[in-house]
Amino acid sequence: RVTVGGMGMVAPSFEGSDRMKARALPMVDVEWRETVFLDTRRGLGANLLTLRDPNGRGTFRAGALVNWRFARDEDDDSDLRGLGDVKGGADLGAFANYDFGPFGLGSLGRKNVSHSELGATIEVSARYRTRLAERTMLVVGPAATWADSDYMRSYFGVTAAQARASGLTAYTPSSGFKDVGLSGAVIQRFAENWSLVGNAGYSRLIGDAADAPLVKQRGSPNQFRVGLGVTYRLF
């Protein structure tokens with residue numbers, strides 16, 4: 001199964017920003033024999049364990065993946081002045097999903113292996129999938145993300161040197177849940193292999209992430225995003 005496309009999205013300039021930025025994103029969704037996959041959100045991975053209820057009530061999948069975490073450059077936004085760059089690098093991860101009927105539960109953990117200071121996150125989520133019409137599908141659900149102290153210091157911390165350069169208050173956050181949110185997507189098939197995809201989401205930074213000077217003094221804990229794209233299923 002191979003689906004490709006593109007999406008235009010409006011989202012915060014950086015995590016914790018109150019400024020919105022437009023981006024054009026590729027959309028890729030490839031799966032081979034329900035085992036190896038490549039998609040825009042998760043990256044390259046494999047389902048290493050699949051367990052199906054003999055009565056057909058649910059399916060459990062678990063596996064591993066690798067993805068690229070993009071850098072956050074100081075020049076990306078004037079609100080980042082004095083904070084320096086946050087490097088990009090490869091994330092290794094593991095996931096587990098359980099689907100039962102229209103519902104699903106999922107967990108996804110990632111650890112950056114290129115730079116240890118970029119840390120790790122664990123996302124837990126739930127979803128509900130329903131068909132609104134013959135060619136229209138809705139997927140909606142909540143999610144929450146936990147981050148370790150390395151991640152929190154890299155993206156929300158302010159060292160003494162950064163405080164002098166940026167004018168922000170020095171700040172050392174701890175590990176903990178950094179956000180909770182709700183997102184949804186509508187997929188409208190309008191031709192044999194063509195679909196229109198719209199998504200929207202809201203997340204709220206919480207805990208030490210919401211208390212960070214970068215968020216309180218220059219940004220916002222309220223994070224919105226909206227996107228619209230078109231996909232084509234090759235086969």
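Numbers here simply count residues along the sequence, with the first being 1.
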Backbone N/O of [Y] and side chain of [X]: donor-acceptor pair under 3.5 Å:
X: Q223; Y: S220; answer: yes
X: H115; Y: G88; answer: yes
X: D85; Y: K87; answer: no
X: N112; Y: S114; answer: yes
X: D77; Y: D79; answer: yes
X: S13; Y: K21; answer: no
X: D73; Y: D76; answer: no
X: R61; Y: N47; answer: no

Do [X] and [Y] belong to the same hydrophobic cluster, where Ile, Leu, Val, Met, Phe, Trp and Tyr are linked whenever their side-chain heavy atoms lie under 4.5 Å apart, directly or via other members?
X: I206; Y: W146; value: yes
X: L83; Y: F156; value: no
X: V140; Y: F103; value: yes
X: V124; Y: L108; value: no
X: V197; Y: V230; value: no

Student check: side-chain heavy atoms of [X] and [Y] closer than 4.5 Å:
X: L92; Y: R110; result: no
X: R69; Y: N67; result: no
X: L205; Y: E15; result: yes
X: R225; Y: N199; result: yes
X: L105; Y: N97; result: no

query: Using the benzene-type ring in the case of Trp, are the ring centres of Y98 and F60 under 6.0 Å apart?
result: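 No - the distance between ring centres of Y98 and F60 does not fall below the 6.0 Å cut-off.
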message: Applying side-chain contact (heavy atoms from CB on, under 4.5 Å) to D211 and Y171, what does each step give before you reach the verdict?
response: CA-CA 9 Å; D211 291 336; Y171 182 68; 3.5 Å; yes
- request: Walk me through it: do Y202 and F224 pass the test ring pair (Phe, Tyr, Trp, His ring centres under 6.0 Å)?
  value: CA-CA 5 Å; Y202 166 76; F224 297 91; 4.8 Å; yes
Under 3.5 Å, is there a donor on one side chain and an acceptor on the other for [X] and [Y]?
X: D179; Y: T145; answer: yes
X: N222; Y: R204; answer: yes
X: R19; Y: S78; answer: yes

task: Kindly indicate, with the supporting measurements, whether the criterion salt bridge (Lys or Arg N to Asp or Glu O under 4.0 Å) is fulfilled by E123 and R41.
output: CA-CA 13 Å; E123 179 187 281; R41 179 177 179 271; 2.4 Å; yes
- request: Could you check D29, L44, L65, V2 and say which one makes a side-chain contact (heavy atoms from CB on, under 4.5 Å) with L38?
  value: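 Single side-chain contact (heavy atoms from CB on, under 4.5 Å) partner of L38 among D29, L44, L65, V2: L44.
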Work out which heavy atom in [X] is nearest to a heavy atom in [Y]; give both atom names and the distance.
X: L196; Y: G229; value: CD1-O, 3.3 Å
X: T169; Y: V158; value: O-CB, 3.5 Å
X: A147; Y: M152; value: CB-SD, 3.9 Å
X: V215; Y: A210; value: CG1-O, 3.9 Å
X: V86; Y: L118; value: CG1-CD2, 3.5 Å
X: S116; Y: D150; value: O-OD2, 3.5 Å

Which value, rounded to the nearest 0.5 Å, describes the distance between [X] atom [atom1] and [Y] atom [atom2]?
X: R72; Y: S17; atom1: CZ; atom2: OG; value: 10.5 Å
X: R233; Y: R1; atom1: CZ; atom2: CZ; value: 6.0 Å
X: I122; Y: S175; atom1: CD1; atom2: OG; value: 10.5 Å
X: L234; Y: N193; atom1: CG; atom2: CG; value: 8.0 Å

query: How would you list, by chain and number, every residue that makes a ring pair (Phe, Tyr, Trp, His ring centres under 6.0 Å) with F14, sequence neighbours excluded?
result: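 Residues passing ring pair (Phe, Tyr, Trp, His ring centres under 6.0 Å) with F14: none at all.
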- request: For the pair T136 and L138, evaluate side-chain contact (heavy atoms from CB on, under 4.5 Å) and give the outcome as yes or no after the intermediate values.
  value: CA-CA 7 Å; T136 308; L138 169 68; over 6 Å; no
task: In sequence, state the C-alpha distance, the side-chain angles, and the governing distance for L214 and L80, and then conclude on side-chain contact (heavy atoms from CB on, under 4.5 Å).
output: CA-CA 8 Å; L214 179 60; L80 297 173; 4.2 Å; yes
Does [X] pair with [Y] as a salt bridge, N-O distance under 4.0 Å?
X: R127; Y: D99; answer: yes
X: E117; Y: K111; answer: no
X: E192; Y: R135; answer: no
X: D208; Y: K178; answer: no

- prompt: How about R129: does its CZ atom have over 12 heavy atoms from other parts shown lying under 6.0 Å from it?
  reply: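 No - once you tally the heavy atoms of other residues, nucleotides and ligands closer than 6.0 Å, there are 12 at most.
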message: Looking at F70, I'd like to know if its CZ atom is crowded, meaning that more than 12 non-hydrogen atoms belonging to other residues, nucleotides or ligands lie closer than 6.0 Å.
response: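 Open: at most 12 neighbouring heavy atoms sit under 6.0 Å from CZ of F70.
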message: Checking M137 against T130 for the side-chain contact (heavy atoms from CB on, under 4.5 Å) test, could you report, in this order, the C-alpha distance in whole Å, the side-chain angles of both residues, the deciding distance, and whether it holds?
response: CA-CA 6 Å; M137 179 73 71; T130 185; 5.7 Å; no
- request: Give a yes/no verdict on a cation-pi contact between R42 and F37, requiring under 6.0 Å between NZ or CZ and the six-membered ring centre and an angle within 45° of the axis.
  value: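 Yes, R42 and F37 form such a contact.
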